[in-house]
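Data block below; observations after.
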Protein chains: 2
Amino acid sequence: MTQTSQPVRNGVDTSVMFATLDAIKQQPDLARFQFRASNVWLGGAHNRSTIRPFYGAGQEDSTRTREFSIDAGEPAVLLGTDTGPNPAEALLHALAACLTTTLVYVASARGVKLTRVESALEGDMDVRGALGLSDDYRNGFERIRVNFKIEGDAPSEKLQELVNRAQRRSAVFDMVTNGVPVAVTGSVSQSTGNHTNGSVDPTGA
Amino acid sequence: MTQTSQPVRNGVDTSVMFATLDAIKQQPDLARFQFRASNVWLGGAHNRSTIRPFYGAGQEDSTRTREFSIDAGEPAVLLGTDTGPNPAEALLHALAACLTTTLVYVASARGVKLTRVESALEGDMDVRGALGLSDDYRNGFERIRVNFKIEGDAPSEKLQELVNRAQRRSAVFDMVTNGVPVAVTGSVSQSTGNHTNGSVDPTGA
């Protein structure tokens, strides 16, 4: 093992990684995390998520110094004005990002130096499902393909094993392939006043 | 129906919406879409997806005039440098965005004017799964909670029905709750030269 002599590998400090693993083994409740996102509708297919607070390692995080923002939209053919990637494309991003980070972390732990990790994702969808035109099609992608290009300082068989291991440990790969229970609750209320015509419309339309 | 007298509702042109539905009914292969994302690793937990081309409505899209970009990262406690929302947070965004857009489209089709749509999402995770420390925990979220706040020009029961309908028709809600088959392929290659020490590291580390 070389983590002592060269702790930072692939941009990951493996001495911190191994210390983190040891700390969780000693105190398993450090492993409880809660991630969050808030979303606000901005009109039509345009909405925006903001992401900052999370709980983990036994406390509310206080280290993030800024809020992240991701806009969503739809292209014209799906009735939007291209204000951002559409939600299905955002899901492809989440999947690509998680497989990549998992791969990089696994490689770092195993002493493999990576020089290139790229991926291209495709998802196939028949929108008759989501549009409610046919029950023969699901709402989401029928299938997703992920194609990786990976270069690293190890034999191909070892690099291939990293790809396999990334699939077995990726949080988003797990969720996208196996599904997650989602509970939707909410408060709904009728707008005050008569907004049927000439109302204040947050879309500006 | 009021779509003739007031076609743009909630920022959605319902005359275009109904024409699109009619066109797909006449020519079902217009419903075939393929969405895509490309991701490149930038070092450590930092990677970036770019999103632009897609296929749909019988052709490669030529209407999008710009490429979208989403960065991913991890907070310090998960060995990153906060270069972006983490992949699990990005998945929450995708889910929030899709439920919101679906709700807005359904409301528009049904003649309901919305004045507010906000949501807050939480996902619970025990990272012993993804870290490979315990087989008792899955890699991804155990559960996700979505809480909506919705105001619109309709009775509460009708607004609640829109929320229910959004769940039944959202592409990402379908994928996250039911799962999607994901096929991972790739080409791996050993870097040329001896990169074991002192190699060119794309992370700059």
Side-chain angles (χ1 to χ4, degrees), chain A residues 8 11 31 33 35 37 39-41 43-45 47 49 51 57 68 70 72 76-77 85 87 89-94 96-98 100-101 115 117-121 125-128 130 139-140 143-144 146 148 150-151 153 156 159 171-172 174-175 179 181-182 184 186 188 191 195 203 205, chain B residues 8 11 31 33 35 37-41 43-45 47 49 51 57 68 70 72 77 85 87 89-94 96-98 100-101 115 117-119 121 125-128 130 139-140 143-144 146 148 150-151 153 156 159 171-172 174-175 178-179 181-182 184 186 188 191 195 203 205:
Chain A
V8 178
F33 277 71
F35 295 108
N39 185 279
V40 60
W41 175 51
N47 63 73
S49 294
I51 294 160
F68 303 115
I70 310 178
V77 70
E89 292 168 325
L91 180 132
L92 294 179
H93 159 69
C98 198
T100 297
T101 297
T115 48
V117 182
E118 295 179 10
S119 56
L121 290 82
M125 184 185 294
D126 191 304
V127 297
R128 279 176 284 181
N139 300 327
R143 68 195 76 79
I144 295 172
V146 182
F148 269 106
I150 293 165
E151 291 177 9
D153 187 21
S156 296
L159 295 174
V172 176
D174 169 26
M175 291 191 274
V182 179
V184 180
V188 297
S191 309
H195 288 273
T203 67
Chain B
V8 177
F33 277 71
F35 294 109
S38 298
N39 185 279
V40 60
W41 175 52
N47 62 73
S49 293
I51 293 161
F68 302 115
I70 310 178
V77 70
E89 292 168 324
L91 181 131
L92 294 180
H93 159 68
C98 198
T100 297
T101 297
T115 48
V117 182
E118 295 179 11
S119 56
L121 289 82
M125 184 185 296
D126 191 304
V127 298
R128 279 176 284 181
N139 299 327
R143 69 194 76 80
I144 296 171
V146 182
F148 269 106
I150 294 165
E151 291 178 9
D153 187 19
S156 297
L159 295 173
V172 176
D174 168 28
M175 292 191 275
N178 296 317
V182 179
V184 180
V188 297
S191 309
H195 287 273
T203 68

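Below, read A as the first sequence line, B as the second, and so on, with proteins coming before strands; counting in each chain starts at 1.
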If we define contacts as heavy-atom pairs under 4.5 Å, which of A130(B), P85(B), S38(B) has the most with chain A?
P85(B)

From the list I70(B), L159(B), V172(B), the residue making the most non-hydrogen contacts under 4.5 Å with chain A is I70(B)

Quick one: closest heavy-atom pair of W41(B) and N47(B), and the distance?
CA-CB, 3.9 Å

Nearest heavy-atom neighbours spanning G140(A) and D174(B)
N-OD2, 2.7 Å

Give, for atom NE2 of H93(A) and atom NE2 of H93(B), the distance between the pair rounded to the nearest 0.5 Å.
8.5 Å

Among S119(A), A57(A), G186(A), S156(A), single out the residue with the greatest number of heavy-atom pairs under 4.5 Å to chain B.
S119(A)

Max heavy-atom pairs within cutoff under 4.5 Å with chain A, candidates V40(B), V77(B), V146(B), goes to V146(B)

Just so I understand: if I count every heavy-atom pair under 4.5 Å between each of C98(A), A90(A), P181(A) and chain B, which residue has the most?
P181(A)

Max heavy-atom pair count under 4.5 Å with chain A, selected residue of L91(B), V182(B), L92(B)
V182(B)

I want to check something: taking the side chain as every heavy atom from C-beta on, are V117(A) and F148(A) in contact at a cut-off of under 4.5 Å?
yes

Most chain B-contacting option - heavy-atom pairs closer than 4.5 Å, from N39(A), V127(A), T101(A):
N39(A)

In Å and rounded to the nearest 0.5 Å, what is the CD1 to CG distance from I51(B) to L121(A)?
9.5 Å

